Amino acid sequence: MEKRIIYADNAATTRVSESVLNAMLPVFTEQYGNPSSVHTLGREAARLIMRAAEQTADALGASPGEIYFTSGGTESDNWAIRSAAALGERQDKKHIITSMTEHHAVLRCCEGLERQGFEVTYLRPDEFGRVTAEQVSGAIRGDTCLVSVMTANNEVGTIQPIAEIGRLCRERGVIFHTDAVQAAGNIPLDVKELCADMLSVSGHKIHSPKGVGALYIRKGTEILPMILGGSQQRGKRAGTENTAGIVGLGQAMEDITRDIPGRVQRLTAMRDRLIKGLLTIPETRLNGHPTERLCGNVSISVRGVEGESLLLMLETMGICASSGAACASGSLEPSHVLTAMGLPGELARGSLRLSLGDDNSPGEIDCIIAGVTEAVSRIREHSPLWASYCSGNGSTENM
Ligand code: PLP
């Protein structure tokens, strides 16, 4: 008999939906023309890409001409940051502001720029993972060429005050980019309200395939091409377009923005029940903001338990989850996000992220609570960390 899987790792990636798959399938075998070709098949492919740009733009309150398709969130982030930096450098502006809890797609990019002589201010979040517009305001200098702050965090789900930060950047004349990879579909995104100059999204977090994403670039914002070659995408991003992926992304953007309030309500109810159930496990704490958090995100730290052991135990029960960021799994380094929020190493290493999505059902929540509770007690039976804590020799850090 096939083992039943409970997939609670939607922040890592999602299943391609039927609607997205159905939109994509004909592109492989029927609408397969090169969008740059002048014949009918080519023009049909170009039309599909235009339609996907419209769907993506509509979902973000943008115009289709402001949407550029990329290979995913990482490329979108790199493009936005490196272009703003290169353009800043031309005006002797070599200072960038970001936050300590960004995804590595942003952090590694900023670190690379530091090696090239840029100065980067990494804003420290509060204990819930939030930074403020005041912090950004205090960090802006005459030579600041970019502020990049994520809309919502991938590990702890904390939602940042992006509209306030965007407004401030607009007032101060500084380019503002936001990584909205985790936010898309989970909170309403309107680039005008957010005052975003650039905004990144990724297909595989919203039920379209891996390897496709988009960067919104506000009309009038100067941008350098990051991939040189043909004249695709208005000469800004060369290479024959991934038509099927782009069609999938467009469909997913339309699908996930159709009923955000309904989705938020459904997922928040499951999320809050899951949090409540998990916090009945002794010496367990919630990571991230109690209310300003993504509707599907549950992040907890469990004392006396290594996150990796917990994941393996859950795996045997058919529950798919993450410890910290998926990209960091396999590494024993505590998560940079939890560390920046001030969590001691022991608790940061004992973190578990469960991320709910459209495919989860309320019944699965009870199974997850029971599974995690049992896994924690089994691990603690053999955990020297837990034994040491119980005998009073361990860390006395407050949960
Ligand atoms: N930004 C955030 C906040 C993410 O969560 C991720 C993926 O985990 C990325 C960027 C990278 O996106 P992609 O996997 O499409 O390159």
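Atoms within each ligand, like the ligands themselves, are counted from 1 in listed order. Predicted, not measured: the structure shown is a model, and the values here were computed from it.
Atoms of ligand 1 found under 4.0 Å from any heavy atom of T74, numbered from 1 in the order shown, are 11 (C), 12 (O), 13 (P), 16 (O). Interface atoms of ligand 1 facing S202, defined by a heavy-atom separation under 4.0 Å, are 13 (P), 15 (O). Which parts of ligand 1 touch G72 is read off a 4.0 Å heavy-atom cut-off, strictly below it: atoms 15 (O). Taking every heavy atom of M150 and a limit of under 4.0 angstrom, the matching atoms of ligand 1 come to 3 (C). Of all atoms in ligand 1, listed by their number and element, those nearer than 4.0 Å to a heavy atom of N154 are 3 (C), 5 (O). Interface of H204 with ligand 1, defined as ligand atoms under 4.0 Å from a residue heavy atom, comprises 13 (P), 14 (O), 15 (O).
Judged by distance alone, the side chains of S99 and E102 do bring a donor and an acceptor atom under 3.5 Å apart. E44 and Q31 form a side-chain donor-acceptor contact under 3.5 Å, judged by distance and modelled atom types alone. K219 and S63 share no donor-acceptor pair across their side chains, judged by distance under 3.5 Å alone. Between the side chains of E283 and Y389, at least one donor N or O sits under 3.5 Å from an acceptor N or O.
Only the side chain of D77 comes within 4.0 Å of ligand 1, counting heavy atoms alone; its backbone N, CA, C and O stay farther away. Only side-chain heavy atoms of D179 come within less than 4.0 Å of ligand 1; its backbone N, CA, C and O stay farther off. With a 4.0 Å heavy-atom cut-off, ligand 1 is reached by no atom of K210.
Checked by atom type and distance alone, the side chain of N154 never pairs as donor or acceptor with a backbone atom of H103 at under 3.5 Å.
Atom CE of M50 has 12 or fewer heavy atoms from other residues, nucleotides or ligands within 6.0 Å.
Considering only heavy atoms from C-beta on, W386 comes within 4.5 Å of R303 through its side chain.
Listed by chain and number, the residues in a side chain to side chain contact (heavy atoms under 4.5 Å, CB included) with A269 amount to none (sequence neighbours excluded).
Residue K205 places a heavy atom less than 4.0 Å from ligand 1.
Ligand 1 has an N or O atom lying under 3.5 Å from an N or O atom of G73, backbone or side chain.
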